[in-house]
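Here is the naming used below: chain letters follow the sequence lines, and residue numbers restart at 1 for every chain.
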Amino acid sequence: MQYNFNEIEAKWQKYWAENQTFKAENNSDKEKFYVLDMFPYPSGAGLHVGHPLGYIASDIYARYKRHKGFNVLHPQGYDSFGLPAEQYAIQTGQHPAITTATNVKRYREQLDKIGFSFDWSREVRTSDPKYYKWTQWIFIQLFNSWYNKGTDKAEDIETLITVFEKDGNATINAVCDDAIAAFSAVDWNSFSDKRKQEILLQYRLTYLAETEVNWCPALGTVLANDEIVNGVSERGGHSVIRKKMTQWSMRISAYAQRLLDGLEKIDWPQPLKDSQTNWIGRSQGASAVFNVNGHDEIIDVFTTRPDTIFGVSFMTLAPEHDLVLQITTPEQKEEVEAYIEATAKRSERDRMADVKTISGAFTGAYAEHPFSKEPIPIWIGDYVLAGYGTGAVMSVPCGDQRDYDFAKHFGIAIPNVFEGVDISEEAHADKDKTIIANSDFLNGLPYKKAMKLAIYELEKLGQGEGKINYRLRDAVFSRQRYWGEPFPVYYVDGMPQMIAPEHLPIALPEVEKYLPTETGEPPLGNATVWAWDTVANKVVANSQLNNTTVWPLELNTMPGWAGSSQYFNRYMDPTNEDEIFSKEAMNYWQDVDLYIGGSEHATGHLLYSRFWQKFMFDKGLVPKDEFAKKLINQGMITGTSAFLSKVFLDNDKVEEILVKNPSNYSKEVKDDLVVLVGEVKSVYLSKGICEGRNTNSRILKFINSKTSFSSDILNLISFNIQKSHVNVRFVNSSDELEFKSLKVDLETKREYKDAEFITEEDGTFKVFREVEKMSKSKYNVVSPDEICEEYGADSLRLYEMFLGPLEQSKPWNTAGITGTHGFLKKLWRLYFDDNGAKFTDTEPTKDNLKTLHKTIKKVEEDIANFSFNTSVSTFMICVNELSAQKCTSKSVLESLAILVSPYAPHIAEELWSQLGNKESISTAPFPAFDASHLVESSKEYPVSFNGKMRFKLELPLDMSKEDIEAAVMSHEKTQQQLQGRTPKKVIVVLGKIVNIVG
RNA sequence: GCUCGAGUGGUGGAAUUGGUAGACACGUUGGACUUAAAAUCCAAUGGACAUUAGUCCGUAUGGGUUCAAGUCCCAUCUCGAGUACCA
């Protein structure tokens, strides 16, 4: 019986689908286990072998947990809103929904071929109105909430209104917009409805605000900070500028501290936690208020070093700071305005790239030092960022390098407030072990004490307080795109109103064009049926707009991360139309036990999801305030590109002879050169030829063998070699080019029909190889379909795991798959030979059991450590050993099938059924490890001399240290090694090693 | 610049708490089977010298701790990821 993997895999994939083998129930006596993958964006290119890596790992884990008796939830879906489908729509007019559906279908086919144990009955798609209904619903919940710092959680907006009606806003301790004017209860009750709404908007967890945003003109949309890489858009690499726009924002800053604290209770990779910590950027210090001489205005600054407050010799404001124009003196006006204009012109990117140039301008105004009451000059400088802190700093040149450089550049004084520290060359930023000097009441104090005292004194003056500042900004939530979730929002007199949840979903309207309108409105501005009828409660034609009952709807859509911030919860109850999920489903599944996905989502999806989860926790919707207990980042699989080296004539020389100075050369030379150019056009060299010594003469010899040239031309001309990609599918496991299949490469559209190949001595042609990112343009993409076709899904699954540690990035090389494929064939031959089944009811031998239980132990340890690569080699060792032992014991082979089943489920199912089982192997109990089979009576001790192993000696394990020493010392090889010397010391580690020193 | 991670054969990578470096594969070489190829099986495979036994050198580099270091400590170099004037 042959291992016919194509037939076997098709058979079991069909069986699983028909029997809904992996459908998870929302209630069960079994313990739950939730294994989640980051759902894919279905791109037009389909999957390559790098994509399924994480899915294979999570599938192994999910299948293993089923064997261990858990009720496993292992869903999959699609993050199907996104820019590529929209851009394709702009180019072709094709509706993004159609493109998306086509891509989803293709993804599903590819995923099915790999044999994942997904519960497809729970599939979600973020672009499905049935799904985004609940994304809209959460948006409404956020709108109807505010963050109470007193209780440290989100609360219903009604509770805020109640307080306003009773006490005004004086007692409210909320996370809200800066600088909300104080009002009393009387004030509040006398405010117009519109005024009340405006005020409430400043407290809501999602709010409209005029914000400075990252505007990408090429994409016609706003981008979040994490969508910008190196100053250009992540998608497409277009430039980004700062622009003020009215946008929806999410008050994620309210959760900054809780997002930080939460990291401690989740088992996520440290680098990922670190990048979230950096992103949130907590810094502890103080705010200090400086009065401005001759003005009512004050300058509020944040500092992490209040202990150095006596070292302040100037203040610096960001050029964009509101106060700048008010305080600038008439004499300085011209200079300041010129400077502001100059900085405004510089793009964010320029400012970032150019850190070294120091620039600024003096405003002519002075602030008053809170303690010394000395006047302090106020400057503006672009090293102070408007977006961080208050946009103003108290500059302490002796303690901060940037302040120091600024002071040096403009000749400002640099007072030293540190005891015994030299600041003639650079600032002294070190805080530990530093004693404060020249600082009045802070003199002689170490950093920590000085800091406390300075804050205390500031508070006493009413000019400051201890403060914690976060880098984390509120997240802009509006996008000027078509292919995203519409907001459930309409506008009455310019004020946003939520549509009642019972009328959701608000479906995307049809538009003729997917581009922004001519007046610069987002694509939804093109929709003709996009107005809200507050009587009929439905979307109606724009022509019915009457500003009494029919109002305009929001034209922006939500960003890509909206749909992905709650999908993991929706999987628990994905078809529920009445609630986002039922209480029962949520109480049963609780949270994700294992989440596998890429680290590129560290400060995007994974931060926003944690934020929404905490909000939903505050609202009592979910029982856990962290959605995923354990997270693993799978590494990237890179491609191994192949290169041909092509021969070129030295272009300058050719030009010289034929174009520039043809008269200098004979007709013969010119004629020969023309022929030569034609001959060389498609000559390729094998790797060995390029690396050999006489490459040039080899080429000459080859060319001359075809047409003879005069020695004149051959002396004149020289050859260059250039490497160009060749499709990896034409290269075999020995890096040799396969001429047979290489005629016309359809992907590179390059013809090799007339090409000449200069081969190695043995007639083979070797290519160059290099590891690069897997990408279409590098012709190194390998699709899982071809692999499944040729070697089978089980071989693919094993090979992807066998490549190396899950979290590490590693190169793909199709050649190696013969290893795991060969293993599966060998496994098969353990059960069957040409005559059929080999297994019998014979009792397993001691060796059989030892091999089996060794394997069980190792595999369970490996799965617990997510070390899937080593368990594949353990299987190989196991099969090698059992083959050598000629094991035919049915009980051993049955256990082996279950062990392998999470990794190679198709072959395992087939073996299981051939062994006579009627049910799927998927819930068969995992073999129990029995240590008694591994008990050894003796150990082959390595005997080392000065740490170098020389020989091995088999000794009983229960032998005492003294007896071992005696046995080793009396051994002839020991005497041979010592050559008469007496050892200084003999170290015996029981069960491990013997080391003889001397 | 800062933060984090990593450097082991021709290649991917193994190596609990410091305890036989290179498991398991790929590739390469030789052999068996075959008219031939594929498939399969067997053997060798870190380097150098010796080719029988053996000896020396080897985990990026230089030091250190230890009976014993890929593993721990210090310094240096290289690569990768994240972040960037954060007051």
Side-chain angles (χ1 to χ4, degrees), chain A residues 2 229-231 269-279 281-283 285 301-305 308 316 318 351-356 358 381-385 387-396 399-403 405-406 469-471 599-600 602-603 633 635-636 640 732-735 769 771 798-799 802-805 807-820 822-823 825-826 829 861 865 867 869-877 880 940-952 976 983-989 991-998:
Chain A
Q2 287 285 315
V229 177
N230 296 329
Q270 197 54 43
L272 197 155
K273 287 188 183 180
D274 289 344
S275 69
Q276 289 207 350
T277 306
N278 287 337
W279 194 260
R282 180 187 204 266
S283 48
V301 301
F302 174 74
T303 177
T304 53
R305 297 294 303 275
T308 63
T316 316
R351 265 171 85 168
M352 266 178 7
D354 181 17
V355 181
K356 286 199 186 105
I358 295 159
D382 70 357
Y383 80 97
V384 177
L385 304 176
Y388 182 77
T390 59
V393 301
M394 56 174 230
S395 303
V396 183
D400 182 284
Q401 194 57 45
R402 289 155 308 168
D403 294 344
D405 295 340
F406 195 88
N469 206 45
Y470 299 93
R471 197 188 81 116
S599 58
E600 66 273 19
T603 51
N633 289 131
M636 201 176 50
T640 314
N732 75 7
S733 52
S734 315
D735 290 356
R769 306 221 79 160
V771 172
L798 284 172
Y799 187 52
F802 188 59
L803 275 178
E807 307 197 35
Q808 189 177 304
S809 130
K810 55 228 165 221
W812 176 269
N813 192 347
T814 304
I817 200 168
T818 51
T820 53
F823 158 73
K825 286 201 251 185
K826 211 164 166 183
R829 280 198 306 277
E861 284 168 2
N865 296 324
S867 174
N869 54 328
T870 49
S871 32
V872 177
S873 26
T874 304
F875 290 137
M876 289 173 170
I877 295 168
N880 287 346
E940 200 175 30
Y941 278 92
V943 182
S944 314
F945 292 81
N946 298 317
K948 281 174 194 155
M949 205 279 290
R950 290 298 148 173
F951 67 93
K952 290 177 192 170
Q976 199 181 315
K984 285 194 202 119
K985 209 172 180 184
V986 177
I987 289 167
V988 178
V989 183
K992 283 256 164 77
I993 200 167
V994 179
N995 192 17
I996 296 165
V997 187

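The side chain of Arg471(A) lies closest to U83(B) when the candidates are C67(B), U83(B), G13(B).
Ring planes of Phe302(A) and Tyr388(A): perpendicular class, angle over 60° (limits at 30 and 60°). Ring planes of Trp812(A) and Tyr799(A): perpendicular class, angle over 60° (limits at 30 and 60°).
In terms of polar N and O atoms assigned as donor or acceptor, the side chain of Lys992(A) comes within less than 3.5 Å of the base of U17(B) in a complementary pairing.
Residue Asn946(A) is the one, among Tyr388(A) and Asn946(A), whose nearest nucleotide of RNA chain B lies closer to the 5' end (criterion: closest heavy atom). Between Glu861(A) and Ile993(A), the one whose closest nucleotide on RNA chain B sits nearer the 5' end is Glu861(A).
Between the NZ atom of Lys952(A) and the C1' atom of U20(B) there is a distance of 6 Å, rounded to whole Å. The CD1 atom of Ile877(A) sits 6 Å away from the C1' atom of A23(B) (whole-angstrom rounding). Rounded to an integer number of Å, the gap from CE of Met949(A) to P of C56(B) is 13 Å. Rounded to whole angstrom, the span from the CD1 atom of Ile987(A) across to the P atom of G18(B) amounts to 15 Å. The separation between Lys810(A) atom NZ and G13(B) atom P is 8 Å, rounded to whole Å. Nucleotide A38(B) holds its P atom 13 Å from the NZ atom of Lys825(A), rounded to whole Å. Atom CE in Met876(A) sits about 14 Å away from atom P in A14(B), given to the nearest Å. One can place CZ of Arg950(A) at 15 Å from P of A53(B), the figure rounded to the nearest angstrom.
Figure legend. U78(B) is base-paired to A6(B); pairs are counted as Watson-Crick or G-U wobble with both atom distances under 3.5 Å. Within the shown strands, C24(B) is the pairing partner of G12(B) under the Watson-Crick or G-U definition, both distances less than 3.5 Å.
Using a 4.0 Å cut-off, some side-chain N or O of Asn869(A) falls inside it from OP1 or OP2 of A14(B).
Of the C1' atoms belonging to G18(B) and G54(B), the separation is 29 Å, rounded to the nearest Å.
Side chain of Thr304(A) to main chain of Gly285(A): no donor-acceptor pair is present (N/O by atom type, distance under 3.5 Å, no hydrogens or angles).
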